[in-house]
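The residues of the chain are indexed from 1 along the displayed sequence.
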Amino acid sequence: MAFGVGAFNPAEARSRMRGVFYGWWLVPISGVVHMTTSVPLFHAMGLWFVALESAFGWNRTQLSLAFSFTRIEGGILGPIEGYLVDRLGVRRMVLIGLSILGVGFLLMSQVRDSKDIPIVRDLPFEILPDFVRIVEPALMFYLVFMVMALGQGLSGWLTMNTMLNNWFTRHKAKAMGYSSAIGRLGALVLIPAIAWAVDPEQDNFGWSMTAMLLGIVTLIMVIPVSRLIRNKPEDYGLLPDGDEPRDTTGTAGTGGTAGTGRPAARRVPPSDGDFTLRDALRTPTFWLISFGQGFTSMVLIAMMAHLAPMLWDQGVSVPMAGWVVSTYTAMSMIFQIVGGYVGDMISKRFAYFVFTSIQAGAVVVLVFVPEISVLLGLPSLVVVFGFAIMFGIGFGGRNPISTSIRGEYFGRSSFGKIMGMSQVPMNIMLLGAPIYPAILHDMQGSYDFAFLSLAFLNFIGGAMFLLAKKPSKPVSRQRAAASG
């Protein structure tokens, strides 16, 4: 379906459905995409790790390598994804990304040990060397996980936030906060469901059937979701935040310029404050934000991979671990909204520092659960859920701010490219986030030192945001504005 412009634009009429600016309809749509791309793959990663560890006997380091490979992939493809979303548009990226993700889940369901593959099963088993029997399913898992991560990267966080950055200016942080909160709302159901389905101690669906079902559901939703996506308000004669377009004489219009049949919003020049990618790279602020978010995300990535295994080591069942994850997910859902409002009301860099400090404190609580339990006379599981509440507050509150601050500082024109390039240093830092705790656990039998050091780096990242002041607009544009 083509979305051209003319005297009557059905897409524009739909964009004003029931008097609501279409950008606000895109918020729940992006929330659904967030849920589909991030929850089963990343937030439930620890649950998959427990199931796969039980099925194949892999250690934590082997499992964590899959997560690290995706950081390498993200570091390489981040700038490409940013370029593509600015070039192809959000709709096409969602269509392509969700399709790849769905196929990836189907492929994951087929990861097997060599002796379980029909072609191999009928051969004399001694033909296969020992290293093939051990490495082959792990290699399959790594490759499949990278396929899923590619699909997630093309359609997930960067793409959805680029879309919302296009549709909102004054309400940017709120829109991104609501979107993330809706994604977390779906996770409240999805995380316990995945935990129940893949629990290795119960005869439920199993990890393979669960992966297959997720793949089928993802592929079913590709077409209807992508058809609801809109790239930019200017394409439909609108302006960000639902502002009324104006014609060339400065008179407010109803969506078109008199006598042309073309949306007036398309005639609005880019803001003088918009940065190109090159402009952004020249500012210290870009690097402070990129490295700051990397430091504050390291503990989150480690937590996604190792929280459930850590609780499993302490005797907590997989379904109960799923409820712990759901608890911090529920709190993050609430504080995505709170963080969005706070980020639009006060300094984003100060708000980010406060929320990341809470996140770091929560990790310290998790490490000292036994000591805090004895000190307060509480069951250890109560302290664990206390950690989950604190972690959800910190993680949820900082999430919309980390993205909206880039839109506030660098503008809309090259947002996708700037976001994509900022993933390069961030993903390099995140490369070791899942492996570092795994290696220490396999060596020491404990996650304590790993998580304490990650909490310290988390605090450093928040402090870097405090230093990230809003940059001056590019000099070339200052001169152009002065001469005009």
Side-chain angles (χ1 to χ4, degrees), residues 1-37 85-86 88-95 97-98 155-183 185-186 221-247 252-257 260-268 270-271 336-337 340-341 344 400 403-404 407-408 411-413 415-416 419:
M1 180 177 180
F3 292 98
V5 295
F8 175 73
N9 192 331
E12 181 183 342
R14 287 196 297 272
S15 73
R16 297 282 188 175
M17 286 189 301
R18 300 179 183 176
V20 178
F21 174 55
Y22 195 75
W24 290 113
W25 291 101
L26 290 173
V27 169
I29 295 170
S30 64
V32 171
V33 176
H34 274 309
M35 178 189 67
T36 305
T37 56
V85 73
D86 284 340
L88 299 179
V90 177
R91 168 178 287 189
R92 291 179 181 174
M93 293 290 283
V94 170
L95 179 66
L98 286 182
S155 58
W157 177 73
L158 186 153
T159 302
M160 289 297 97
N161 284 321
T162 299
M163 178 183 72
L164 295 178
N165 188 67
N166 288 336
W167 282 82
F168 294 95
T169 300
R170 296 187 307 277
H171 305 294
K172 195 186 307 290
K174 285 194 287 289
M176 292 178 180
Y178 277 119
S179 171
S180 296
I182 291 169
L185 180 62
M221 66 182 290
V222 167
I223 298 299
V225 168
S226 62
R227 288 179 65 85
L228 294 171
I229 295 293
R230 302 289 185 268
N231 296 319
K232 297 179 180 179
E234 288 87 348
D235 295 340
Y236 309 102
L238 302 170
L239 288 175
D241 298 307
D243 292 343
E244 287 293 331
R246 294 180 179 273
D247 61 25
T254 58
T257 302
T260 66
R262 297 185 64 189
R266 296 176 67 88
R267 295 176 177 268
V268 177
S271 168
Q336 298 273 5
I337 299 172
Y341 275 93
D344 282 338
T403 306
S404 61
E408 177 183 310
R412 301 169 59 224
S413 301
F415 182 81
M419 287 288 292

Looking at every non-hydrogen atom in both residues, tell me the closest pair between [X] and [Y] and how far apart they are.
X	Y	answer
Asn231	Gly89	OD1-C, 3.4 Å
Asn166	Pro240	O-CG, 3.7 Å
Ala175	Val27	O-CG1, 3.7 Å

Exercise for the section: Using the six-membered ring wherever Trp is involved, compare the ring planes of Trp167 and Phe21 and label them parallel, tilted or perpendicular (cut-offs 30° and 60°). Expected result: tilted
Problem - With sequence neighbours excluded, residues passing side chain to side chain contact (heavy atoms under 4.5 Å, CB included) with Ser30 - result: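 In terms of side chain to side chain contact (heavy atoms under 4.5 Å, CB included), with neighbours along the sequence ignored, Ser30 is linked to Met160, Met163, Leu164, Ser179.
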Problem - Counterpart residues, side chain to side chain contact (heavy atoms under 4.5 Å, CB included), relative to Ile29 (two or more places apart) - result: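 Residues passing side chain to side chain contact (heavy atoms under 4.5 Å, CB included) with Ile29: Tyr22, Leu26, Val225, Leu228, Ile229.
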Problem - OG1-CZ distance between Thr159 and Arg91, expressed to the nearest 0.5 angstrom - result: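 Going from OG1 on Thr159 over to CZ on Arg91, the span is 14.5 Å.
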Exercise for the section: For His171, check side-chain hydrogen bond (donor to acceptor under 3.5 Å, both in side chains) against everything at least two apart and list the hits. Expected result: Lys174
